[in-house]
Amino acid sequence: QVQLVESGGGLVQPGGSLRLSCAASGFTSENYGIGWFRQAPGKEREGVACISRRSGGSAGIYYANSVKGRFTISRDNAKNTVYLQMNSLKPEDTAVYYCARGSFSGTSSDYNLYDYWGQGTQVTVSS
């Protein structure tokens with residue numbers, strides 16, 4: 001049974017940091033692309049970051065322009081977990097964050113290409 005479970009969300013002040021975790025089960029996450037998305041109230045779901053399945057010795061990575069230089073996506077294959085390190089957080093980063101599995105090559109911010117989703121974790125950036 002494929003499952004993705006997010007954790008690590010919470011309330012943080014502007015300029016602070018959080019690390020989100022996406023624990024995968026029922027499949028080997030390094031064989032799939034894993035994307036992080038977010039959705040704020042009244043807004044469309046936005047692709048934040050994606051790490052591709054391993055091809056050769058490396059994996060491709062995508063970041064939305066809005067988070068480039070502040071967020072870092074990474075994998076721990078031994079733990080079957082993908083992380084999203086979020087630094088220099090801003091109030092506009094407030095949203096529910098989801099991770100999702102993609103069965104495609106490369107990276108993508110198109111949520112229609114992802115087949116399994118976690119339940120989401122709330123991130124609130126506020127003073």
Side-chain angles (χ1 to χ4, degrees):
Q1 180 182 359
V2 172
Q3 275 195 313
L4 296 162
V5 179
E6 303 95 337
S7 62
L11 173 64
V12 64
Q13 291 188 341
S17 297
L18 284 174
R19 188 177 78 158
L20 304 184
S21 299
C22 173
S25 60
F27 70 102
T28 302
S29 64
E30 67 177 305
N31 295 333
Y32 292 83
I34 301 293
W36 281 98
F37 293 79
R38 66 186 180 188
Q39 189 162 21
K43 294 191 176 181
E44 285 196 3
R45 190 165 295 194
E46 175 190 14
V48 173
C50 173
I51 185 165
S52 72
R53 62 189 180 202
R54 182 173 291 272
S55 177
S58 62
I61 290 178
Y62 159 85
Y63 295 107
N65 287 334
S66 57
V67 306
K68 215 172 274 185
R70 300 188 297 124
F71 290 11
T72 303
I73 189 170
S74 63
R75 292 181 187 272
D76 184 334
N77 293 328
K79 295 183 177 179
N80 212 26
T81 298
V82 175
Y83 300 100
L84 185 68
Q85 178 67 42
M86 306 187 297
N87 298 329
S88 302
L89 283 162
K90 305 174 181 180
E92 51 263 43
D93 294 318
T94 295
V96 178
Y97 283 71
Y98 302 88
C99 65
R101 188 189 82 166
S103 300
F104 49 83
S105 297
T107 59
S108 177
S109 61
D110 182 353
Y111 61 80
N112 292 298
L113 299 181
Y114 291 79
D115 53 6
Y116 286 92
W117 291 78
Q119 81 290 348
T121 186
Q122 176 71 46
V123 171
T124 302
V125 184
S126 175
S127 54

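In this structure, Leu20 CG and Thr81 OG1 are separated by 12.5 Å, a value rounded to the nearest 0.5 Å. To the nearest 0.5 Å, atoms NZ (Lys68) and CD1 (Ile61) are separated by 12.0 Å. Remark: Tyr98 OH to Cys22 SG distance equals 13.5 Å, nearest 0.5 Å.
Tracing side-chain contacts under 4.5 Å through hydrophobic residues (I, L, V, M, F, W, Y), one reaches Val123 starting from Tyr63; they form part of the same cluster. Connection of Tyr111 to Phe71 is not established within any shared hydrophobic cluster, with ILVMFWY side chains joined at heavy-atom distances below 4.5 Å, either directly or through further cluster members.
Considering Lys90, Met86, Gln85 in turn, Lys90 is the only one that fulfils the side chain to side chain contact (heavy atoms under 4.5 Å, CB included) rule with Arg70. Here the rule is side chain to side chain contact (heavy atoms under 4.5 Å, CB included) with Tyr62, and of Ile73, Ile51, Thr107 only Thr107 fits it.
Of the possible donor and acceptor atoms, none in the side chain of Ser21 sits under 3.5 Å from a partner among the backbone N and O of Ala23.
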Under 3.5 Å, sequence neighbours excluded: what are the donor-acceptor pairs made by side chains of residues 2-14?
from: Glu6; atom 1: OE1; to: Gln119; atom 2: N; distance (Å): 3.0
from: Glu6; atom 1: OE1; to: Gly120; atom 2: N; distance (Å): 2.9
from: Glu6; atom 1: OE2; to: Cys99; atom 2: N; distance (Å): 2.8
from: Glu6; atom 1: OE2; to: Gly120; atom 2: N; distance (Å): 3.3

Show which side-chain atoms of residues 30-49 pair as donor or acceptor with protein atoms under 3.5 Å away, not counting sequence neighbours.
from: Arg38; atom 1: NE; to: Glu46; atom 2: OE1; distance (Å): 2.9
from: Arg38; atom 1: NH1; to: Asp93; atom 2: OD1; distance (Å): 2.9
from: Arg38; atom 1: NH1; to: Tyr97; atom 2: OH; distance (Å): 2.9
from: Arg38; atom 1: NH2; to: Glu46; atom 2: OE1; distance (Å): 3.3
from: Arg38; atom 1: NH2; to: Ser66; atom 2: OG; distance (Å): 3.4
from: Gln39; atom 1: OE1; to: Arg45; atom 2: NE; distance (Å): 3.3
from: Gln39; atom 1: OE1; to: Arg45; atom 2: NH2; distance (Å): 3.3
from: Gln39; atom 1: NE2; to: Lys43; atom 2: O; distance (Å): 3.1
from: Glu46; atom 1: OE2; to: Ser66; atom 2: OG; distance (Å): 3.2

Does Cys50 form a side chain to side chain contact (heavy atoms under 4.5 Å, CB included) with Tyr114? I'd like the steps, not just the answer. CA-CA 11 Å; Cys50 173; Tyr114 291 79; 3.2 Å; yes
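Contact record, Gly106 with Phe104: O-CE1, 3.5 Å, taken as the closest heavy-atom pair.
Every residue meeting the side chain to side chain donor-acceptor pair (under 3.5 Å) condition with Asn80, not counting sequence neighbours, appears here in chain and number order: Ser29.
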